[in-house]
Amino acid sequence: MTGTLYLVATPIGNLEDITLRALRVLKACDRIACEDTRHSRKLLAHFEISRPLVSFHAHNAQARTGELVAALQAGRDIALITDAGMPGVSDPGAELVAACRAENLPVSVIPGPSALTAALALAGFSEPRFVFEGFLPTTGRRRERLAALAPEERPVVLFEAPHRLLRTLADLSTHLGAERPVVICRELTKIHEQVWQGSLSEAIAYFESTPPRGEFTLVVAGAPALPPEPPTREQLQTSLEAMIASGLSRSEASRQLAAQTGLPRKEIYRLSLTLEADGGSK
């Protein structure tokens, strides 16, 4: 019998947010893989959980993955946790999950707190879709990613560290526009939780006078939808020909096409008169 990899969500701030199922799994597993053993040891001690810990983070994930897969194949149950929130989101957990899938090892998720969904709920944007970018690249493709986000009509969710917040706000203002609305969530579920909203230019001014502290989740409003381009003369002619060929009169075809495009009916009717005769339709 092989073991199971459990992806266990842990609190993003308030320890009361952990689930009963998460506690049960953490107490029962053979080993807990975590980003920072010192940080996770405090969490586990709070709930009186004593299990062997092994570090699993961006700097050792490649080497550690084989070790954890071997333990699972030997029948050990392993819980994967991060410093906060859901494993596999903006951390190397996805690599371990992929390795388990490749070896047909069972993976089970224990859902729970997430800064992503918490910030989206607090933002209050009505658009039901969104884009999750996690942390922007600090070098290399950063400009490319910002340029790609500029026309995005869905809200964009970003994570950012306090020492990079002002740089990110300035870059977002440059590429997305200084007046683009943004909701900035700080220290979610913690004692000093803060939700700030305004434009990107206002955010820069605020955090220049109020030094950023804690972890930040940004929800940037999507770009305004561009009005559809009006159809070309050739496209209108093609539509008119098809409608008239289906049996509609020039007048009725012009009326329907005007309703579809928002163009003046008289203008479309004059265009219909330039088409070949359609057997006498008026």
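The first residue of the sequence shown is numbered 1, and numbering continues consecutively from there. Below, each value reflects all heavy atoms present in this structure, side chains not excepted, and no hydrogens, waters or symmetry copies. Keep in mind the model is a prediction, meaning the values are calculated, not measured.
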Under 6.0 Å from the [atom1] atom of [X], do we count more than 12 heavy atoms belonging to anything else shown?
{"X": "Glu187", "atom1": "CD", "result": "yes"}
{"X": "Arg143", "atom1": "CZ", "result": "no"}
{"X": "Arg76", "atom1": "CZ", "result": "no"}

Spacing of [X] atom [atom1] and [Y] atom [atom2] [to the nearest 0.5 Å]:
{"X": "Ser55", "Y": "Asp36", "atom1": "OG", "atom2": "CG", "answer": "9.0 Å"}
{"X": "Asp77", "Y": "Leu5", "atom1": "CG", "atom2": "CG", "answer": "9.5 Å"}
{"X": "Asp17", "Y": "Thr10", "atom1": "CG", "atom2": "OG1", "answer": "10.5 Å"}
{"X": "Arg51", "Y": "Cys34", "atom1": "CZ", "atom2": "SG", "answer": "13.5 Å"}
{"X": "Leu158", "Y": "Arg145", "atom1": "CG", "atom2": "CZ", "answer": "10.0 Å"}
{"X": "Gln260", "Y": "Ile268", "atom1": "CD", "atom2": "CD1", "answer": "8.5 Å"}

Answer whether the closest heavy-atom distance between the side chains of [X] and [Y] falls below 4.5 Å.
{"X": "Pro231", "Y": "Leu263", "answer": "yes"}
{"X": "Phe125", "Y": "Val183", "answer": "yes"}
{"X": "Leu43", "Y": "Pro11", "answer": "yes"}
{"X": "Thr2", "Y": "Leu105", "answer": "yes"}
{"X": "Val109", "Y": "Tyr6", "answer": "no"}
{"X": "Thr261", "Y": "Pro230", "answer": "no"}
{"X": "Glu153", "Y": "Val131", "answer": "no"}
{"X": "Arg142", "Y": "Arg167", "answer": "yes"}

Do [X] and [Y] belong to the same hydrophobic cluster, where Ile, Leu, Val, Met, Phe, Trp and Tyr are linked whenever their side-chain heavy atoms lie under 4.5 Å apart, directly or via other members?
{"X": "Val156", "Y": "Leu169", "value": "yes"}
{"X": "Leu149", "Y": "Val220", "value": "yes"}
{"X": "Leu248", "Y": "Leu275", "value": "yes"}
{"X": "Ile78", "Y": "Val25", "value": "no"}
{"X": "Leu7", "Y": "Val69", "value": "yes"}

Report task. Only one of Phe159, Phe207, Trp196 passes ring-ring contact (aromatic ring centres under 6.0 Å, His included) with Phe216; say which it is. Result ->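 Testing each of Phe159, Phe207, Trp196 against Phe216, the sole residue satisfying ring-ring contact (aromatic ring centres under 6.0 Å, His included) is Phe207.
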Restricting to non-hydrogen atoms, name the atom on [X] and the atom on [Y] that form the minimum distance, rounded to 0.1 Å.
{"X": "Ala79", "Y": "Cys29", "value": "CB-SG, 3.8 Å"}
{"X": "Pro111", "Y": "Thr19", "value": "O-CG2, 3.9 Å"}
{"X": "Ile12", "Y": "Lys190", "value": "O-CE, 3.3 Å"}
{"X": "Thr65", "Y": "Ala99", "value": "CG2-CB, 3.6 Å"}
{"X": "Val219", "Y": "Pro155", "value": "CG1-CB, 4.2 Å"}
{"X": "Val107", "Y": "Cys100", "value": "CG2-CB, 3.7 Å"}

Query raised in the report: Should Leu172 and Leu218 be marked as a side-chain contact (heavy atoms from CB on, under 4.5 Å) after you check the CA-CA gap, both sets of side-chain angles, and the distance that decides it?
Result: CA-CA 11 Å; Leu172 289 169; Leu218 289 67; 4.1 Å; yes
Give a yes or no on whether the backbone of [Y] and the side-chain of [X] come within a donor-acceptor separation of less than 3.5 Å.
{"X": "Arg180", "Y": "Ala150", "value": "yes"}
{"X": "Arg265", "Y": "Leu257", "value": "no"}
{"X": "Ser246", "Y": "Met243", "value": "yes"}

Requested in this report: Kindly indicate, with the supporting measurements, whether the criterion side chain to side chain donor-acceptor pair (under 3.5 Å) is fulfilled by Ser40 and Asp83.
Outcome: CA-CA 7 Å; Ser40 295; Asp83 288 347; 4.6 Å; no
Report summary line: For residues 202-231, the side chain to side chain donor-acceptor pair (under 3.5 Å) pairs (sequence neighbours left out) are Gln194-Tyr206, Ser199-Glu202
Report task. Go through the steps to decide whether Asp91 and Phe56 satisfy the test side-chain contact (heavy atoms from CB on, under 4.5 Å), and finish with yes or no. Result -> CA-CA 10 Å; Asp91 65 61; Phe56 183 82; 5.9 Å; no
**Report entry** Verdict with supporting geometry, Tyr269 and Arg250, side-chain contact (heavy atoms from CB on, under 4.5 Å)
**Finding:** CA-CA 7 Å; Tyr269 183 75; Arg250 293 181 189 273; 3.8 Å; yes
Query raised in the report: Where do Glu252 and Gln256 land on the side chain to side chain donor-acceptor pair (under 3.5 Å) test, with the steps shown first?
Result: CA-CA 6 Å; Glu252 179 60 19; Gln256 291 189 18; 2.9 Å; yes
Report task. Taking atom types as modelled, find out whether Thr168 and Glu160 have a side-chain donor-acceptor pair closer than 3.5 angstrom. Result ->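 Distance-only check passes for Thr168 and Glu160.
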Requested in this report: Kindly indicate, with the supporting measurements, whether the criterion side-chain contact (heavy atoms from CB on, under 4.5 Å) is fulfilled by Arg186 and Glu193.
Outcome: CA-CA 6 Å; Arg186 182 178 76 89; Glu193 175 180 293; over 6 Å; no
Query raised in the report: Salt bridge between Arg64 and Glu67, side-chain N to carboxylate O under 4.0 Å?
Result: yes
